[in-house]
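Taking it in order: structure first as structure tokens, then the write-up.
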Protein chains: 2
Amino acid sequence: MRASEVREAGRTAPRRSGAGRSDAADTRCRIIEATAALLQRQGYESTSVKAIAGAANASPSSVYHFFPGGKQELAIEAMRHGAAEFGELIAEGLASSPDPAEATAACALLLADTLRESDWTDGCPVAVTALETVGRVPGLQEAATEALTRWRSLVAAKLQESGIEPAAARSLAGTVISMLEGAELLSRVSGDDTPLRDAAVHLAQLVRASPRS
Amino acid sequence: MRASEVREAGRTAPRRSGAGRSDAADTRCRIIEATAALLQRQGYESTSVKAIAGAANASPSSVYHFFPGGKQELAIEAMRHGAAEFGELIAEGLASSPDPAEATAACALLLADTLRESDWTDGCPVAVTALETVGRVPGLQEAATEALTRWRSLVAAKLQESGIEPAAARSLAGTVISMLEGAELLSRVSGDDTPLRDAAVHLAQLVRASPRS
DNA sequence: CCAGGACTGGACCGAACGTTCCAACCAGTA
DNA sequence: TACTGGTTGGAACGTTCGGTCCAGTCCTGG
């Protein structure tokens with residue numbers, strides 16, 4: 001898919017021989033990406049290891065070879081992967097305008113387009129998995145918290161650029177993430193991007209009305 | 001648990017002569033309530049029928065006796081039950097002040113208190129289950145959409161009372177629900193009610209800035 | 001060319017899943 | 001007392017789960 005072959009880490013020797021030969025790192029990467037996609041769509045409990053292996057064109061033993069910690073370890077790594085990608089989407093939205101109000105609105109609209117065009121499957125890669133495992137899979141909860149915090153920091157930085165006080169920016173940025181998550185939930189469940197489009201309008205209002213120094 | 005006490009009392013004490021089915025209706029009710037509680041906490045896939053039966057002091061066969069449609073039918077009914085209760089919580093928050101800005105903020109704060117005091121378990125009874133089954137269990141998705149629409153109507157009515165135009169009120173009410181859902185997600189995942197408290201402040205700002213006729 | 005480690009395919013495991021089945025139970029009626 | 005029909009407990013069904021195991025295959029360093 002995207003530039004994911006960056007994962008390499010040079011653990012083993014660069015065994016590039018034939019052209020069509022599938023690298024070990026490539027298999028590992030395929031497993032992570034397949035897991036991320038399935039987690040995003042159907043969450044943790046509904047995603048079986050065999051389904052992951054199938055989607056990644058690998059066998060269960062390969063999954064356990066690369067992720068000895070089993071499904072949990074794999075899910076954590078996949079969530080980190082998905083979170084990074086979603087962070088790029090947020091960054092892209094934020095970069096689309098110098099005005100922070102328009103930029104946050106753009107995030108919501110970008111998310112709305114992505115969701116609608118993917119039949120309501122490609123949204124936040126954290127929400128479903130995090131919600132259904134909260135309090136029961138600590139590693140996942142931790143990874144989810146990290147992701148949410150990071151996204152909030154991205155938004156907060158943009159808000160601070162326009163002169164909003166750091167504390168207010170952090171608080172408002174958290175609300176921006178909350179709004180994106182909540183509006184995505186409503187949009188996915190109702191199969192209608194109106195909640196996200198409304199969120200875009202109201203987020204812009206909220207940011208525009210925020211006091212600057 | 002309360003349910004077992006009620007059941008014991010009902011068995012030893014003489015029942016009303018008119019309705020011989022009060023025992024059965026009680027079992028059915030216990031099953032629904034237990035299901036609602038489990039769905040709210042851990043979602044659909046992580047909740048087994050045997051766990052439901054255990055929590056309701058019933059046996060699996062009783063579950064299938066009252067809900068021949070199996071887990072799906074039961075989950076739909078339980079979601080409706082939980083949605084009605086959550087609607088009451090929203091109504092309570094809305095009724096706490098004549099000012100719609102303060103009223104919506106009160107909803108967020110009420111939710112924050114409820115969540116924190118229940119160790120982040122008793123939140124929206126729809127979010128987890130709806131998200132993890134979206135597109136795969138149509139009946140559940142429908143029930144979830146109904147619930148979200150109803151809650152939005154409650155908020156919209158409150159907003160209209162203060163003179164906000166119906167269309168704007170409906171849109172803003174949807175955003176209020178989105179914000180509550182999203183902030184609850186962040187609060188539950190991070191185990192910190194700050195997102196909901198921030199949401200309360202920003203919701204109040206948003207409502208206060210809304211144009212009236 | 002071979003030794004050895006990384007990797008893979010697929011059979012296999014015990015446990016848990018949703019669900020079904022049936023024998024008992026219990027109040028009311030005759 | 002026998003019968004009835006709704007209700008219950010618990011065993012059992014076939015399936016699928018997460019995970020293990022092992023006999024290979026392939027690549028690579030020596």
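Chain letters run A, B, ... following the sequence lines, proteins first, then strands; residues in each count from 1.
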> Nearest to the side chain of A:Tyr64, which nucleotide is it out of C:dT19, C:dG9, D:dG19?
Replying inline: D:dG19
> Could you give the CG-to-C1' distance, from A:Leu38 to D:dG18, as a whole number of Å?
Replying inline: 16 Å
> Considering only D:dT20, D:dT8, D:dG18, which nucleotide approaches the side chain of B:Ser62 most closely?
Replying inline: D:dT8
>> Output the rounded distance in Å from CD (B:Glu45) to C1' (C:dG18).
In response: 11 Å
>> Could you tell me how far apart A:His65 (NE2) and D:dG19 (P) are, to the nearest whole angstrom?
In response: 17 Å
>> Without decimals, in angstroms, what is the distance between B:Phe66 CZ and C:dT19 P?
In response: 17 Å
>> How many whole angstroms separate atom CD of B:Glu73 from atom P of C:dT19?
In response: 11 Å
> Do A:Ser187 side-chain atoms and A:Asp192 backbone N/O form a donor-acceptor pair below 3.5 Å?
Replying inline: yes
>> Heavy atoms only, 4.0 Å cut-off, all strands: where does A:Ser61 land among base, sugar-phosphate and nothing?
In response: base
> So, B:Arg150 and B:Glu146, do they make that salt bridge, N to O below 4.0 Å?
Replying inline: no
>> Just to be sure I understand the rule, does B:Ser46 reach a base, reach only the sugar-phosphate, or reach nothing, if contact means heavy atoms closer than 4.0 Å?
In response: nothing
> Tell me: NZ of B:Lys50 to P of D:dC13, nearest whole Å?
Replying inline: 13 Å
> When the distance from CZ of B:Arg136 to C1' of C:dG18 is rounded to whole Å, what number comes out?
Replying inline: 15 Å
> Quick check: does any side chain N or O of A:Arg152 sit under 3.5 Å from a backbone N or O of A:Ala173, one acting as donor and the other as acceptor?
Replying inline: no
>> Using whole Å, what does the distance between atom C1' of nucleotide C:dT19 and atom CD of B:Gln72 come to?
In response: 13 Å
